[in-house]
Amino acid sequence: MDSLGRILPGVVARQREGSSLIDSHLTLLLRRLLGAELSSSLGKVELRRGVLWVRTRNPALAEQLREDAELLCKRLREEGHLGGRLREVRIRPDYDG
């Protein structure tokens with residue numbers, strides 16, 4: 001696992017935006033940052049044109065994520081090995097969830 005931890009940042013950094021690997025990587029990071037209980041309300045997470053779109057079916061969580069979007073974006077940038085590709089986080093309701 002230690003060698004994977006050293007390799008993963010380079011692999012993620014080389015991926016194109018819209019890659020399912022980047023979306024999965026950011027989903028896992030977001031779930032880790034939010035914790036198990038809150039992340040159970042998350043829907044689809046995808047990076048498009050520098051914006052991380054996060055869907056949730058929980059209106060209270062959506063409001064809290066909107067309020068904390070700047071801090072969340074900073075934390076994801078620091079831990080996500082994405083360089084400057086992540087500019088902002090936006091929240092959408094997930095009616096399909």
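We're numbering straight along the sequence, starting at 1. Note that these values count all heavy atoms, side chains included, but never hydrogens, waters or copies made by symmetry.
Of the possible polar contacts, one joining the R77 side chain to the R87 backbone as a donor-acceptor pair under 3.5 Å is found. Side chain of R55 to backbone of I91: no donor-acceptor contact under 3.5 angstrom is found. Of the possible polar contacts, one joining the T56 side chain to the S41 backbone as a donor-acceptor pair under 3.5 Å is found.
Summarising the geometry, atom CG belonging to L26 is positioned 10.0 Å from atom CG belonging to L33; distances are rounded to the nearest 0.5 Å. The line from CG of L65 to CG of L42 is 7.0 Å long, rounded to the nearest 0.5 Å. A distance of 10.0 Å separates CZ of R75 from CG of L29, quoted to the nearest 0.5 Å.
Annotation for S39 and R31: closest pair O-NH1, 2.6 Å, computed over non-hydrogen atoms. Annotation for R85 and L47: closest pair O-CD1, 4.3 Å, computed over non-hydrogen atoms. Scanning both residues, H25 and E79, for their nearest heavy atoms gives NE2-O, 4.3 Å. Taking all atoms of both residues into account, the shortest heavy-atom contact from L76 to L52 is CD1-CD2, 3.5 Å. When all heavy atoms are compared, the tightest approach of G43 to D94 is CA-OD2, 3.3 Å.
A salt bridge between K74 and D68 is absent, with no side-chain N of the basic residue lying under 4.0 Å from a carboxylate O of the acidic one.
Using a 4.5 Å heavy-atom threshold, the side chains of V54 and L72 count as separate.
Other residues, nucleotides and ligands place no more than 12 heavy atoms under 6.0 Å from the CD atom of E70.
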